Amino acid sequence: MQLYNTLTRRLDELPAPPGPVRMYFCGPTVYARAHVGNARPYVIGMWLHSWLRSRGYEATLVHNITDVNDKIYDAAPGKSAELAARATEWYLQDTGDLGLGRPDRMPQATESIPQIVHFIEELIARDFAYAREGDVYFRVARYPDYGQLSGQRLDQVEQGEEPSPLKEDPRDFALWKATKPGEDTWWDASWGRGRPGWHIECSAMAEDAFGPVFEIHGGGIDLVFPHHENELAQSRALGHPFAQLWMHNGLLEFTGEKMAKSVGNVVTLREALDEWGRETLLLLFLGSHWRKPMDFSDETLAAAAARGQGFREVFLGPSEPTPAGAWESFEAALEDDFNTPQALALLHEWRDHELLRRALDLFGLGSLAELPEAPADVVDLAQRRQRARAERDFDEADRLRAEIESHGWEARDVADGYQLVPRR
RNA sequence: GGCGCCUUGGCCGAGUGGUUAGGCACAGGUCUGCAAAACCUGGUACACCGGUUCGACUCCGGUAGGCGCCUCCA
């Protein structure tokens, strides 16, 4: 099993089964309803987890939730804890509705404060961090390998806003921030009252779950710098190997533009689920490679929906054996950098119900094999239509078909009678 | 300015140094009372310019265009 590794900039081989494969995927900051782009690392993580398990790996997936940070304070002044709790519920509900099951653990930053504080203490003890007026900063200059993940050269990094006068070096980043007026959540540490910085929580939570070394760290490609660079620096500063393989998924775009609030083109996961349904959404994700940007548009969604209908049709038809080696080709596609578009293309060739169902189940799409039962009134209409056809009263038969369609069903004539299929 | 990634037929999207990707859409056909579904048939595309090679969409270099990130901000 090979996966592209941001750190080594090449395809790296995973250890042979049973592994273990311990995976940590960065989750959302809970200050608003998650947008559909936030679902991509969740979906990829769950699929990979499911795939590795089926291949005999001891795969474990941890997906964190960032429930304390500036965005949350800004979004709900004085009530950030309530907002975080509510938005966490939204996130669990929306990702749950994807129907992929759950990661093995979903730690929250606010429930990991002791581990975070301990981590910072270690960094201070080894001189990799320093406290200033209640803030604590990581001393980048003391970690020479800084930049190894992103390839950023520090002398070329753009200086953004006015650097904090508390920093020894403008490149240093916060591990802990002293509490400010109006902030309603804080914790006490030896250097003062405050709350954790953004990057430290992931190092602390990942190592709390897995120990100082684990196999895979995932997240959106926008997290490479500075977030993941900083995580790596913190952990390796303490001599921890940390993640071996870094997976960064491409972002969602709307016709070439990044999905972002500033562009005004955000679609929430909730909206996407309500409008298109989980199967179509999953097929859209499945049809694009995890590392590539993905166009989220009515056109690409409609194509995904059509794919889904295509699979449903297969299950409505007779099961036929798939040529020898089909499953092996499918496996090979996934073993090669988890190439789901390639794997999906292969599935379109299959007519073997059992095999196809098995493959679709890996991606939470086994429901495509299930034909819902028509309600009694629709069945009654279909039976009346059958009688009309037998009497060659085709005007009545066509009228009944139209009526069946108005109930959201489609009547098809098959060899031994009729078939009722939901209209999509 | 720096770092990284991308550019395939109407659309989405794989892949390979010389051989059909697949899906969607479209057209014709078979089937059907009519349909639907299914099946059959129909397009050799790979940003541009050089180079390497017997031969490149596939390797190398450059150009153009697009995308992400560049420190407290997913």
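All chains are named by letter (A, B, ...) in the order of the sequence lines, taking the proteins before the strands, and each is independently numbered beginning at 1. Computed from a predicted model, the values in this text were never measured in an experiment.
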Pairing residues for [X] by the side-chain hydrogen bond (donor to acceptor under 3.5 Å, both in side chains) criterion, not counting sequence neighbours:
X       : result
D97(A)  : R270(A)
H348(A) : R307(A)
R10(A)  : D12(A)
S319(A) : none

Quick test of your reading: applying salt bridge (Lys or Arg N to Asp or Glu O under 4.0 Å), list the pairs with at least one residue in residues 194-206 of chain A, sequence neighbours left out, ordered by first then second residue.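 Pairs touching residues 194-206 of chain A that pass the test: D70(A)-R195(A), E183(A)-R195(A).
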Does a donor on one side chain sit under 3.5 Å from an acceptor on the other, for [X] and [Y]?
X       : Y       : result
D67(A)  : T88(A)  : no
D184(A) : S80(A)  : yes
N230(A) : Y146(A) : yes
S203(A) : Q234(A) : yes
T6(A)   : R291(A) : no

Hey, which of these two, G287(A) or D172(A), hits RNA chain B nearer its 5' end, going by closest nucleotide?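 Residue closer to the 5' terminus by nearest nucleotide: G287(A).
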Return whichever of L316(A) or N69(A) has its heavy-atom-nearest nucleotide of RNA chain B closer to the 5' end.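 Counting from the 5' end, the first nearest nucleotide belongs to L316(A).
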Does F25(A) have its ring centroid less than 6.0 Å away from the ring centroid of H63(A)?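 F25(A) vs H63(A): aromatic centres not under 6.0 Å.
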Please confirm whether the ring centroid of H199(A) lies under 6.0 Å from the ring centroid of H228(A).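 Judged by ring-centre distance (under 6.0 Å), H199(A) and H228(A) do not meet the cut-off.
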In this structure, how many angstroms lie between the [atom2] atom of [N] and the [atom1] atom of [X], rounded?
X       : N       : atom1 : atom2 : value
D398(A) : rA36(B) : CG    : P     : 12 Å
R385(A) : rA35(B) : CZ    : P     : 13 Å
L371(A) : rA36(B) : CG    : C1'   : 15 Å
E231(A) : rC72(B) : CD    : C1'   : 14 Å
Y73(A)  : rC72(B) : OH    : P     : 18 Å
H289(A) : rC12(B) : NE2   : P     : 18 Å
R171(A) : rC73(B) : CZ    : C1'   : 20 Å
L251(A) : rC67(B) : CG    : P     : 12 Å

Considering only the [atom1] atoms, how many Å lie between [N] and [M], rounded to the nearest integer?
N       : M       : atom1 : answer
rG18(B) : rG66(B) : C1'   : 32 Å
rU44(B) : rU19(B) : P     : 14 Å
rA45(B) : rG68(B) : P     : 32 Å
rU58(B) : rU8(B)  : P     : 13 Å
rC54(B) : rG62(B) : C1'   : 26 Å
rA37(B) : rC31(B) : C1'   : 11 Å
rC3(B)  : rU63(B) : P     : 14 Å
rC57(B) : rU32(B) : P     : 47 Å

Close N/O contacts between protein and nucleotides 3-11 of chain B (under 3.5 Å):
residue: rC3(B); atom: O2'; partner: S150(A); partner atom: O; Å: 2.5

Closest to the A306(A) side chain, choosing from rG23(B), rC24(B), rU71(B):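 Of rG23(B), rC24(B), rU71(B), rC24(B) is nearest to the side chain of A306(A).
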The side chain of F394(A) is closest to which nucleotide in this list: rG33(B), rG13(B), rC73(B)?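 Of the candidates, rG33(B) comes closest.
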Contacts of F285(A) that satisfy ring pair (Phe, Tyr, Trp, His ring centres under 6.0 Å) - sequence neighbours left out: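 Not a single residue meets the ring pair (Phe, Tyr, Trp, His ring centres under 6.0 Å) criterion with F285(A).
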Sequence neighbours left out, what passes salt bridge (Lys or Arg N to Asp or Glu O under 4.0 Å) with E82(A)? Give chain and number order.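 For E82(A), no residue satisfies salt bridge (Lys or Arg N to Asp or Glu O under 4.0 Å) once neighbours in sequence are set aside.
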Please confirm whether any donor atom in the side chain of R401(A) sits under 3.5 Å from an acceptor in the base of rA36(B), or the reverse.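 In this structure, the two groups form no donor-acceptor pair.
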Is any side-chain N or O of D413(A) under 3.5 Å from a base N or O of rC34(B), one able to act as donor and the other as acceptor?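 Between rC34(B) and D413(A), which were checked side chain against base, a qualifying N/O pair under 3.5 Å is present.
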Protein-nucleotides 38-47 of chain B N/O pairs under 3.5 Å:
residue: rC39(B); atom: OP1; partner: R351(A); partner atom: NH2; Å: 3.0

When all nucleic acid strands are considered with a 4.0 Å heavy-atom cut-off, which category describes Y137(A): base, sugar-phosphate, or nothing?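 Base contact.
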Using a heavy-atom cut-off of 4.0 Å across all strands, would you classify A411(A) as base, sugar-phosphate, or nothing?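 Base contact.
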Keeping W409(A) on the side-chain end and P422(A) on the backbone end, is there a donor-acceptor pair under 3.5 Å?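 No; judged by distance alone, with no hydrogens or angles, the pair does not exist.
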Does R385(A) use its side chain to pair, donor to acceptor, with the backbone of A397(A) at less than 3.5 Å?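 Yes; at least one donor-acceptor contact below 3.5 Å.
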Would you check if R86(A) and E89(A) make a side-chain contact, meaning some heavy-atom pair closer than 4.5 Å?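 The answer is no; the side chains never approach within 4.5 Å.
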Does anything in residues 338-350 of chain A reach RNA chain B, meaning a heavy atom under 4.0 Å, and if so which residues?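 Heavy-atom cutoff 4.0 Å gives N339(A), P341(A), Q342(A), A345(A), H348(A), E349(A).
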Counting only heavy atoms and a strict 4.0 angstrom limit, can you tell me which residues of residues 174-192 of chain A come near RNA chain B?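 Contacting residues: A174(A), K177(A).
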Just to be sure I follow the notation: if a pair is Watson-Crick (purine N1 to pyrimidine N3 plus N6-O4 or O6-N4) or a G-U wobble (N1-O2 and O6-N3), each under 3.5 Å, what dot-bracket string does RNA chain B give, with | for pairs to another strand? (((((((..(((.....[...))).(((((.......)))))....(((((..]....))))))))))))....
Test ring pair (Phe, Tyr, Trp, His ring centres under 6.0 Å) applied to H227(A) and W246(A), F173(A), W198(A), the passing residue: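 Of W246(A), F173(A), W198(A), ring pair (Phe, Tyr, Trp, His ring centres under 6.0 Å) with H227(A) is met by W198(A) alone.
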